[in-house]
Each structure stands twice: as C-alpha cells, then as structure tokens.
> 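The structure under discussion is supplied below as structure tokens; questions concerning it will follow.
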There are 2 protein chains.
Amino acid sequence: MSELLSDTGRKTMLEPLFEAGWAMVERRDAIEKTYTFDDFTAAFAFMTRAALWAEKWGHHPEWFNVYKTVQVTLSTHDVGGLSALDAKLARKMDQLAE
Amino acid sequence: MSELLSDTGRKTMLEPLFEAGWAMVERRDAIEKTYTFDDFTAAFAFMTRAALWAEKWGHHPEWFNVYKTVQVTLSTHDVGGLSALDAKLARKMDQLAE
C-alpha cells in the first residue's frame, strides 16, 4: 500500500509542509514539528484528536509531550522512510492544531 | 508545596518503584519507565487516563509514545528534581497500566 515518496511526491507534498513549520529530521527520512499550546489540557486534547485519526488510518506518529508542547516525528516504518501517509497525517495534525 | 525528596523519602518512596521497573535517569534527578501495551489504542488509553490524573494533580509527565510503547520520565521542575509528587504519579501510572 504505502511506498516511499518519489521526487515529485516530495516536491508537491513536503514543500507545503516545510512552509507550515515541518522540517526534515537529521540523518533520517522523516519529518518533525513541535507544536506549542496554551497548556497541558490543550496539548493533550490535540494528541487525543490526532490519535483517533492515526488509528483510523493505521498510521501512528512518534511523539513527545512535555506540558504544553508536543514534538511530532512522522515516518513510515514499513517502507523505511517518508510516504504519502506521513504527509496526510502531517496536514491533518496542522488542521487539528489550529 | 513540593520539595526535593529527602534521603529517607528516597528510600521509602523510590525503592519500591525501582522494584516495579522504574530507574533513575542518567545525569538527572528524574525517574523513567517504559511501558509496553498490546497496541496503539491500549497505549493511548493509558496515556489518556494518566493525563487526567496528571492534570488533576497539577503534575505532568514527560512522555514519548511510539505505537504500543510509552516511555515516561518524571521529575518536578519547580524543585529541580524528584519530589513526592513524582512517586505518587509513578505509582498511579503503574496502577493504570495494570
């Protein structure tokens, strides 16, 4: 189902994400972003909403939460790097965090 | 309210936690434990329950989730190290993870 993003896919799917605050992880084919919310309840509410989409799509983030910040890393383990699912989940998370 | 654990407090509160799988974090006055669940929904259900207690007690974990594992670090920022609140939250998390 999933496959590594092609060069074209990277250009069309990743560049808008980079403009939205996502960045490549060093030495890894993965993207990351840190969200900052007003407080813990807002941060965890975001995680809860994102968790439901992640489970629905069978594609889960790596994420680290301390109080009001949530650092998210996305990559597709099955293909060993970035797939369209990562871009899809990244866009959804940005939407949920608004 | 919170204060650093005394030597006696460390003995009485931390030792039972070490026996339950908690460990000191290197170069930091903090404890950590990694929980492994059956799947993402179980891991996130644990986080959700723990989040409610954390918010209720005004004491929040640092935690990292990837699929079915949750790595938790506890320390009390206000006092710069371990307090009784960390031991309390650690015990609660162990109970919630059962």
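Labels below follow one simple rule: chain letters A, B, ... track the order of the sequence lines, proteins then strands, and each chain is numbered from 1.
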> Taking atom CE of B:Met93 and atom CD of B:Glu98, what is their separation to the nearest 0.5 Å?
14.0 Å
> Take atom NZ of A:Lys68 as the centre, draw a 6.0 Å sphere, and report whether it contains more than 12 heavy atoms from other residues, nucleotides or ligands.
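Counting neighbours around NZ of A:Lys68, 12 or fewer heavy atoms of other residues, nucleotides or ligands fall under 6.0 Å, so no.
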> Would a single hydrophobic cluster contain both A:Met13 and A:Trp57, if residues Ile, Leu, Val, Met, Phe, Trp and Tyr are joined by side-chain heavy-atom contacts under 4.5 Å?
yes
> Keeping A:Asp86 on the side-chain end and A:Ser83 on the backbone end, is there a donor-acceptor pair under 3.5 Å?
yes
> With a 4.5 Å heavy-atom cut-off (strictly below), which parts of residues 58-66 of chain A touch chain B? List them by number.
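Within residues 58-66 of chain A, the residues under 4.5 Å from chain B are A:His60, A:Pro61, A:Glu62, A:Trp63, A:Phe64, A:Asn65, A:Val66.
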> Taking side chain as C-beta onward, heavy atoms only, is A:Leu52 less than 4.5 Å from A:Lys56?
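Not touching, per the 4.5 Å side-chain cut-off.
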> Under 3.5 Å, is there a donor-acceptor pair linking the side chains of B:Ser2 and B:Asp78?
no
> Checking an interface table here. Which of residues 14-44 of chain A come within a heavy-atom distance under 4.5 Å of chain B?
A:Phe40, A:Thr41, A:Phe44
> Starting at CG of A:Leu85, measure out to NZ of A:Lys88 and round the result to the nearest 0.5 Å.
6.0 Å
> Nearest heavy-atom pair of A:Leu5 and A:Arg10: which atoms, and what distance?
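For A:Leu5 and A:Arg10, the tightest heavy-atom pair comes out as O-NE, 3.2 Å.
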> Would you say A:Thr76's side chain and A:Val79's backbone share a donor-acceptor pair under 3.5 angstrom?
no
